[in-house]
Amino acid sequence: MVQNLIFVIVLYVIGFVYLCTYFNLYIPYMAQVRVRFAPSPTGPLHIGGVRTALYNYIFAKKSGGIFILRIEDTDQARFVEGAEEYIMEALKWCGIIVDEGIKEGGDFGPYRQSDKKAIYRQYADILINNGDAYYAFDTPEQLETLRNESEKTGNTFIYNAEVREKLNNSVSLQETEWKRKLDNGEPYVIRYKMPHNEDIHFDDIIRGNIVVNTSTLDDKVLFKSDGMPTYHLANIVDDHLMKISHVIRGEEWLPSLPLHFMLYRSFGWDTPLFAHLPLLLKPDGKGKLSKRDGDKLGFPVFPLFWPYGETAKGYREEGYYADAFVNMLALLGWNPGTEQEFFSMKELTEAFTLDRVGKSGSRFDPEKAKWFNHHYLQNKTSTQLALEFREFLRARGYHVDIVQLETLVGLVKERVSFVKDIWDQTDFFFKAPETYDQEVIKKRWKEDSAMLLMELKCLLEKINDFSAANTELLVKAWIEEKGYNTSTIMSALRLVIVGTSRGPHIFDIISWIGREETLKRIDKGFSVIGK
RNA sequence: GGUCCAUUCGUCUAGUGGCUAGGACGUCAGGUUUUCAUCCUGGUAACAGGGGUUCGAUUCCCCUAUGGACUACCA
């Protein structure tokens, strides 16, 4: 009896394990998406980089995959203090959540390349041993000279199969010679031995099949004389070790894809799938959007303010909402195939597919970015906006009751794209005009304006309930009764209250600033414009 | 210069072997608002050029032009 029970349990366990194995092997394995965003900490991350991170992230999340942040800092000379933190904060602001990284940890670390120097060296040695790489002793100066000489004759110097024999390396030199150099501690690099005249085919999810002949490629340096790998080696090794399933990166990497393919082949590893994203172009014409542009183009090229050295503006500090920024960025180079334009991060992760990413570069349009922010701002409540605007006012020394501010924000909300715009629309609520628009005076200040204004003042003095609705009612009744010209009176009143011809309904304005202030402004306007 | 990639309104883009080539931003006009904006309605505006293939090409192929990326012991 007991034996039977054990037998049944064992059967169940075996069945369960079998099922798990089956699904592990076939379903989750195939679906296990692991992508990485791999920036270099050489300064602030620009919006092209943010978009690459975003596409990686939403692609991964669509299938429940893993998003990895890997810091590629193999060039110690270009390391910039604060850049790592900046990258992490920028992603966080955008709502891009890192699953594995230097802060988050993970089973495939270290996630900072400078922390795993020794590992790369081992892989470089593998290539040396199987004959796919070699030691090269040429100094940078020697190579520079060769390049300059070639340029004079109109040719381009490339370190490849044809010239490698004539240079200083373990292919051209006698074994005793190059071993002696190694023993003497002469500086060297390790170069990939690119095969001669071979067509290699590879696929890109966005661009399709591409063919390149290896003769046009050079023997790239894989390992530098300073003991660090170059991008190419570190990148391939890490992508393999971290089990990256899809490499989604900028198009600037497309020319080095053949090399990367060759490296995978030399190591005997399966290649991940590649997708090269089109570049983000400058709005004014030429070239890709670059870090150097700074804010000289009139809009930020960075997500956050960069506080070090040569500072740079950021979208966050300029008043953009993160969700508007992300929405705008997502649609630059990708579209859902429907007419939907507004996407939350969740909706993006549901709708995103790589096959709807375009092939050509996108020029960045600051106007559209602004429009997106306008839309997102309209979806905020007046309370939220009042809270944000209060901070703005505090910095300017104004302390206003939050309920008052809510009313104010409600009056101008739909005409602004940024919280800071509220100030431009409402400055006259806080301070009386110092000058009066001459154009408006010329056009709208009539012979009897001053006299009518004084009469209006007397009326306003007597109104107890100074709410917008009540004043409007009484003033209009008065105009009607006397048979006055509405336009003349309204224009004159607006002129003395605002200083020019703009702003929300005039009764809303005078009600908000109150009777006392209204009367004061009428007097002041009367004495200045007078007549 | 070489290698690779790309090319639909000013911009972001949809789309098809036969359509009035669609949408959005911008812009322009009208309406609303007794102001200014917002908002609403409408208009403007594109298949880079030349050859093929085809009854028919914006769509498929080739060439040219243009733009871009790369061409470092940078990523």
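As the structure is a prediction and not an experimental result, all values here were calculated from the model. Just so we're on the same page: letters track the sequence lines, and every chain starts at 1.
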Nearest-nucleotide 5' precedence on RNA chain B, A/Arg494 against A/Ser360: A/Ser360
Between A/Thr230 and A/Glu251, which has a closest nucleotide on RNA chain B that is more 5'? A/Glu251
Spatial distance of atom OG (A/Ser417) from atom OH (A/Tyr321) [nearest 0.5 Å]: 10.5 Å
Rounding to 0.5 Å, atoms OG1 (A/Thr518) and CG (A/Leu493) come to a distance of 8.0 Å
Between [N] and [X], is there an OP1 or OP2 to side-chain N/O distance shorter than 4.0 Å?
X: A/Lys224; N: B/rC74; answer: yes
X: A/Asn335; N: B/rA14; answer: yes
X: A/Thr139; N: B/rC73; answer: no
X: A/Arg363; N: B/rC25; answer: no

Looking at [N], which nucleotide sits across from it as a Watson-Crick or G-U wobble partner, both distances under 3.5 angstrom, or is there none?
N: B/rU66; answer: B/rA6
N: B/rC47; answer: none
N: B/rA29; answer: B/rU41
N: B/rG18; answer: B/rC55
N: B/rC73; answer: none

Provide the distance between the two [atom1] atoms, one in [N] and one in [M], to the nearest whole Å.
N: B/rA65; M: B/rC25; atom1: C1'; value: 29 Å
N: B/rC70; M: B/rU13; atom1: C1'; value: 27 Å
N: B/rG52; M: B/rU44; atom1: C1'; value: 35 Å

What's the closest nucleotide to the side chain of [X] if the choices are [options]?
X: A/His505; options: B/rU13, B/rU33, B/rC73; value: B/rU33
X: A/Lys368; options: B/rA24, B/rC73, B/rU13; value: B/rA24
X: A/Glu72; options: B/rC12, B/rC4, B/rA75; value: B/rA75
X: A/Glu367; options: B/rG23, B/rG26, B/rA75; value: B/rG26

Donor-acceptor pair under 3.5 Å: do we get one between A/Arg78's side chain and the base of B/rC74? yes
Using the ring-ring contact (aromatic ring centres under 6.0 Å, His included) criterion, which residues pair with A/Tyr120? Sequence neighbours excluded. none
Contacts of A/Tyr320 meeting ring-ring contact (aromatic ring centres under 6.0 Å, His included) (sequence neighbours excluded), chain-then-number -> A/Tyr315, A/Phe418
Output the rounded distance in Å from [atom1] ([X]) to [atom2] ([N]).
X: A/Leu279; N: B/rA6; atom1: CG; atom2: C1'; value: 11 Å
X: A/Asp219; N: B/rA72; atom1: CG; atom2: P; value: 13 Å
X: A/Leu222; N: B/rA75; atom1: CG; atom2: P; value: 12 Å
X: A/Asp203; N: B/rC4; atom1: CG; atom2: P; value: 16 Å
X: A/Phe343; N: B/rA24; atom1: CZ; atom2: C1'; value: 12 Å
X: A/Leu281; N: B/rG10; atom1: CG; atom2: C1'; value: 15 Å
X: A/Asp508; N: B/rU33; atom1: CG; atom2: C1'; value: 13 Å
X: A/Leu257; N: B/rA69; atom1: CG; atom2: P; value: 19 Å

For the residue pair [X] and [Y], does the interplanar ring angle fall in the parallel (under 30°), tilted (30 to 60°) or perpendicular (over 60°) class?
X: A/Phe343; Y: A/Trp334; result: perpendicular
X: A/His375; Y: A/Phe342; result: parallel
X: A/Trp253; Y: A/His232; result: perpendicular
X: A/Tyr231; Y: A/His260; result: tilted

Taking only nitrogen or oxygen atoms into account, show me every contact under 3.5 Å that the protein makes with nucleotides 1-3 of chain B, one pair per line with its distance.
residue : atom : partner  : partner atom : Å
B/rG1   : N2   : A/Thr156 : OG1          : 2.6
B/rG1   : N3   : A/Thr156 : OG1          : 3.3

For nucleotides 37-43 of chain B, list the nitrogen or oxygen atoms of the protein found under 3.5 Å from its nitrogen or oxygen atoms, one pair per line.
residue : atom : partner  : partner atom : Å
B/rA37  : N3   : A/Arg415 : NE           : 3.3
B/rA37  : N3   : A/Arg415 : NH2          : 3.1
B/rU38  : O2'  : A/Glu414 : O            : 2.9

Counting any heavy atom closer than 4.0 Å, what does [X] reach on the DNA or RNA strands: base, sugar-phosphate only, or nothing?
X: A/Gly333; answer: sugar-phosphate
X: A/Arg356; answer: sugar-phosphate
X: A/Asn160; answer: nothing
X: A/His276; answer: nothing
X: A/Val189; answer: base
X: A/Pro504; answer: base

Should we say atom NZ of A/Lys420 is surrounded by more than 12 heavy atoms from elsewhere, each under 6.0 Å from it? yes
In a table with atom names and distances, give each donor-acceptor pair under 3.5 Å that connects a side chain of residues 215-223 of chain A to protein atoms at least two apart or in another chain.
residue  : atom : partner  : partner atom : Å
A/Ser215 : OG   : A/Asn197 : N            : 2.9
A/Ser215 : OG   : A/Asn213 : OD1          : 2.9
A/Thr216 : OG1  : A/Asn213 : O            : 2.8
A/Asp218 : OD1  : A/Lys220 : NZ           : 3.0
A/Asp218 : OD2  : A/Lys220 : NZ           : 3.2
A/Asp219 : OD1  : A/Arg164 : NH2          : 3.1
A/Asp219 : OD1  : A/Met194 : N            : 3.1
A/Asp219 : OD2  : A/Tyr134 : OH           : 2.6
A/Asp219 : OD2  : A/Arg164 : NE           : 2.7
A/Asp219 : OD2  : A/Arg164 : NH2          : 3.1

Show the distances under 3.5 angstrom between N or O atoms of the protein and N or O atoms of nucleotides 57-65 of chain B.
none

With a distance cut-off below 6.0 Å to the six-membered ring centre and an angular limit of 45° from the axis, does A/Lys476 pair with A/Phe507 as a cation-pi contact? no
Quick one: do A/Phe430 and A/Trp512 satisfy ring pair (Phe, Tyr, Trp, His ring centres under 6.0 Å)? Show the steps, please. CA-CA 10 Å; A/Phe430 301 96; A/Trp512 198 90; 5.7 Å; yes
Would you please test A/Tyr86 and A/Tyr308 for ring pair (Phe, Tyr, Trp, His ring centres under 6.0 Å) and show each step? CA-CA 11 Å; A/Tyr86 181 98; A/Tyr308 311 104; 8.5 Å; no
A/Glu149 bridged to A/Lys152 by N-O distance under 4.0 Å: no
Do A/Phe325 and A/Ile47 touch side chain to side chain, with heavy atoms closer than 4.5 Å? yes
